[in-house]
Structures are given as structure tokens and as C-alpha cells.
Amino acid sequence: MHPHTASASASATAVSCDDALREPLALLEGRFAEGSVEVPGGRVSYRSCGSGPVVVLLHGISSGAASWLQCALKLESQARVIAWNAPGYGRSTPLTMSQPKAVDYARRLQDMLQALEVEQCVLVGHSLGALMAAAYLAHGDGRARRTLLADPALGYGAASKQERAHQVREERLGALRTLGIAGMAQKPTRLLSAHASAQDHAWVRWNMQWLDASGYTQAVQLLCGDDIAPYLQAAPRRGLSVACGAEDIVTTPQASEGLARQFELPFKLVDAAGHACYIEQPSQFAALISAQLTSTN
């Protein structure tokens, strides 16, 4: 049985009793509640708070909707925040194919937006979520008024990256086979910088403990089998921008800025933050999103 079939409050207690998580877990259940919506092919689960113009948040490969908690709460006074669990994450139904592409996730995102009657939104994709967001921009139905790609995973699907794709696939799936999800969650994380607090580290571990092995495997196949560049080539550029944690060692500032330059997109750094910049610096990151809400460019 998948762990999220239990109630969220019970699961929160079962997964971790870490004192550092008492406050965020209480906030999670009280102010960033989990819901779900039926879509063609299954269900999408998500967390939401606030009211107003819609912000949609897409997490990365080692995370989930709950990870956006602090950032979401900083936006709830000015926006309706919806953080999805990607297919195969949380209580969201996995995709049917073993090696999905970003456009397959984008199709499920479009179904969720339609089911939730979201006509227009600011779309934020972090890491692998940025690859999904780019695919939605290229092939979706145009509900994203503005889009922020944060610490974007570029993907290893290009012909020139096949050797690296094989290496990354073997590393990630090998760790899954030998350590399991619980063991992976306890490894020292590369997602945070030296500025991260003990609570940040505990939060990354807690969110990673909820990964589903099959959903994670599909996401690894996406990472290694797709490429963000063709999607951005096909996507409208208006309202599109890139950001990155200034101390990100996973998808580096150099790589993110290079992507921005390639497609002539605005680029911003999130100071004193690693890859999971919205966890380390939720106020800074929320300010970037807030600027998207008010921008007329």
C-alpha cells in the first residue's frame, strides 16, 4: 500500500518525530491542506492555500507538494497557491508509460488545471518541474500567463548527452535498488547550501521519505530521456524567466544562466541558497513569484 493512502495527519506523525519538524508539520495540516481532483487517467493530488490570482507550483524529482509549505504561506495573502504532486508522487496516479516524456506530465498538468477551473496562472517549475513546465508552455493550452523556471533540470535526452544519461540513470536507479527510498532520504543532501538550517535539512529528508519507488523511477527516465531545449524553442517567450540558487551545485547558476542567455530570458539569482532555493530562502523566492503576479511585461 502506498503511504499516502493513510490520512495526512497520521502519516506525518508516523514518518518523523523530529523536533525540528513539529512546527512545519502543524502548519502543513492546518494551512496547506491536501486535496485531490479526478482527471482522465486517474487522480492528481495537490496542496493549496490562499485566494486570488492562481500560482501553480511544480516540484522536482526528490520532493513533493508539501515541500513548498513556507513559500506558499508567504504568498497566501495575495494568491491562490496550488502545489501539485506530479504523477507517481503523493496520491497522484502514475503515468501509464515506463519512460514518459515531459509532454506526458504536461498533459496531466493541463487536465488538473482544467479540473480545478484555473483559467490563468503563474506557473513555477523547480528542477525537473521546470522541464515539465517548459513542455506545458510548448504544447499546453495557454493557461500560464507567466512562467518561472527555477534551478531548471535541462535533461539528458539530447544525442550529445547519451553517455551522461546512462551514467545518471545507473547512479539514481542503483541507489534506489541498494538503499531504498528511506536510505536515500538519509544520505547527506546536495540540495542545500551551507546556509541551510537544521530544519531545512529535516524538511528535505521528510519530503523525500514520501517518494514512491515507481513514480521516482519514471521521473528518472524523464530526466535521462528528455531535453528542455526543444520545448523552449517551441514555447512563447513572453512572461518566461529563469532563476537559480546562487550556490546550487546540482543545476548550477552557470548552467541556468546559460539557458537563460540561449533563449534570451531574464535571469535572477536567489542569494545564499542551493538547489532547493525555495526551501532555504522562502521569502526571497516568494518575492520572485510575487513580482510575476504584478508584472505587466
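Every value quoted in this text rests on a predicted model; they were computed, and no experiment measured them.
Ring orientation note: the planes of Trp68 and Phe285 are tilted relative to one another, at an angle of 30° to 60°. The aromatic rings of Trp203 and Trp206 lie parallel to each other, with less than 30° between the two planes, well short of the 60° mark.
Taken to the nearest 0.5 Å, the CG atom of Asp141 stands 8.5 Å off from the CD atom of Glu119. Asp271 contributes atom CG, which lies 11.5 Å from atom CD of Glu280 (distance to the nearest 0.5 angstrom).
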Identify all side-chain donor-acceptor contacts of residues 76-83 below 3.5 Å with residues at least two apart in sequence or on another chain.
from  : atom 1 : to     : atom 2 : distance (Å)
Glu76 : OE2    : Arg31  : NE     : 3.4
Glu76 : OE2    : Arg31  : NH2    : 2.3
Gln78 : OE1    : Ser290 : OG     : 2.9

Could you go through residues 184-192 and list every donor-acceptor pair under 3.5 Å that involves a side-chain atom there, pairing it with any protein atom two or more places apart or in another chain?
from   : atom 1 : to     : atom 2 : distance (Å)
Thr189 : OG1    : Leu191 : N      : 3.0
Arg190 : NH2    : Ile249 : O      : 3.3

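Here the side chain of Asp151 pairs a donor or acceptor atom with the backbone of Gly245 at under 3.5 angstrom. Checked by atom type and distance alone, the side chain of Glu247 never pairs as donor or acceptor with a backbone atom of Gly274 at under 3.5 Å. With Ser67 contributing its side chain and Gly64 its backbone, the two residues share a donor-acceptor pair below 3.5 Å.
Ion pairing between a basic and an acidic side chain is recognised when a charged N comes within 4.0 Å of a carboxylate O; Arg107 and Asp104 show such pairing.
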- Between Arg143 and Gln120, does a side-chain hydrogen bond (donor to acceptor under 3.5 Å, both in side chains) hold up when you go through it step by step? CA-CA 5 Å; Arg143 295 171 195 251; Gln120 196 176 75; over 6 Å; no

- Task: Please report the C-alpha distance between Tyr156 and Asp226 in whole Å, then the side-chain angles of each, then the deciding distance to 0.1 Å, and finally whether the side-chain hydrogen bond (donor to acceptor under 3.5 Å, both in side chains) criterion is met.
- Result: CA-CA 6 Å; Tyr156 299 102; Asp226 214 341; over 6 Å; no

- Run the numbers on Gln167 and Glu163 for side-chain hydrogen bond (donor to acceptor under 3.5 Å, both in side chains), then give the verdict. CA-CA 6 Å; Gln167 180 183 6; Glu163 184 176 345; over 6 Å; no

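Just one of Leu109, Leu149, Leu240, Val54 meets the side chain to side chain contact (heavy atoms under 4.5 Å, CB included) condition when paired with Leu123; it is Leu109.
Taking a 6.0 Å sphere around CZ of Arg164, one finds it holds more than 12 heavy atoms contributed by other residues, nucleotides or ligands.
Not counting sequence neighbours, the partners of Tyr216 by the side chain to side chain donor-acceptor pair (under 3.5 Å) test are Arg172.
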